[in-house]
Amino acid sequence: MPKIESFESLKEFREAQKPGEQQVIVKVALATCSNAAGAPEVMDFMVNALDKRGVDAQVTKTGCMGYCYAEPTIEVTLPNRDPVVFGEVNVQKADLIIEKFIKLGEDVEGVIPVNYKTVNEPYS
């Protein structure tokens, strides 16, 4: 990490960390309930599989999304599309999400209905 010596260098660093417009963003819930349901395995799989398959993606962890009944859960945002949350994601389902939803844009079972804007925004 570069040394931040001014407010301007901080702004430049933050801009460089933002995902690209064509980048896929995957948020994996890693709260207590999701950890108990196997989310760390899903997170590791997503990071490694997306990289091996050459998919330009940013995989991050997030807190509870409020879907404890459907853990592990992940939110996937494709370029220029609204985020989609998938529930009960194991390694096999994560593989299907990568191959069908992320790479081909096809629907995959397990979508949790939208009742929020994104994981980090409050209800409206």
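This structure is a prediction, so every number in the text was calculated from the model and none was measured. Worth knowing before you read on, the calculation uses all heavy atoms, side chains too, and leaves out hydrogens, waters and symmetry mates.
- A 6.0 Å sphere centred on CD of Glu41 holds no more than 12 heavy atoms belonging to other residues, nucleotides or ligands.
- In this structure, Ser34 OG and Met43 CE are separated by 11.0 Å, a value rounded to the nearest 0.5 Å.
- Heavy-atom contacts from other residues, nucleotides or ligands closer than 6.0 Å to CD of Glu106 number more than 12.
- Inspection of the Ser6 and Glu8 side chains reveals no N or O donor paired with an N or O acceptor under 3.5 Å.
- Closest of all the heavy-atom pairs between Leu30 and Pro40 is CD2-N, 3.8 Å.
- Closest approach of Ala31 and Gly63 over heavy atoms only: CB-C, 4.3 Å.
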From CA spacing to verdict: side chain to side chain contact (heavy atoms under 4.5 Å, CB included), Val28, Thr60 = CA-CA 6 Å; Val28 181; Thr60 62; over 6 Å; no
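- Here the closest non-hydrogen pair linking Ala29 and Ala39 is O-CB, 3.3 Å.
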Passes side chain to side chain contact (heavy atoms under 4.5 Å, CB included), Asp44 versus Met46? Steps please.
-> CA-CA 6 Å; Asp44 290 342; Met46 293 298 284; over 6 Å; no
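- In this structure the side chain of Phe101 reaches within 4.5 angstrom of the side chain of Leu78, judged on heavy atoms.
- Side-chain contact check for Leu50 versus Val24: every heavy-atom pair is 4.5 Å or farther apart.
- With a 6.0 Å radius and a threshold of 12 heavy atoms from other residues, nucleotides or ligands, Phe7 has its CZ atom at or below the threshold.
- To the nearest 0.5 Å, atoms OG1 (Thr62) and CD1 (Ile74) are separated by 12.5 Å.
- Of all heavy-atom pairs between Tyr67 and Pro113, the closest is OH-O, 4.1 Å.
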Give the intermediate values and the outcome of side chain to side chain contact (heavy atoms under 4.5 Å, CB included) for residues Val76 and Ile97.
-> CA-CA 9 Å; Val76 180; Ile97 290 168; 4.2 Å; yes
Run the side-chain donor-acceptor check on residues 81-90: report pairs under 3.5 Å with partners two or more places apart or on a different chain.
| residue | atom | partner | partner atom | Å |
| --- | --- | --- | --- | --- |
| Asn90 | OD1 | Gln92 | N | 3.1 |
| Asn90 | OD1 | Lys93 | N | 2.7 |

Show your reasoning for whether side chain to side chain contact (heavy atoms under 4.5 Å, CB included) applies to Ile112 and Tyr69.
-> CA-CA 11 Å; Ile112 297 175; Tyr69 67 92; 3.9 Å; yes
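- Legend: residues meeting salt bridge (Lys or Arg N to Asp or Glu O under 4.0 Å) with Asp95, ordered by chain and number and at least two apart, are Arg53.
- Taking the salt bridge (Lys or Arg N to Asp or Glu O under 4.0 Å) definition, one finds that Lys61 meets it with nothing, sequence neighbours left out.
- Under a hydrophobic-cluster definition in which Ile, Leu, Val, Met, Phe, Trp and Tyr are linked whenever side-chain heavy atoms come within less than 4.5 Å, directly or via other members, Ile98 and Leu104 are assigned to different clusters.
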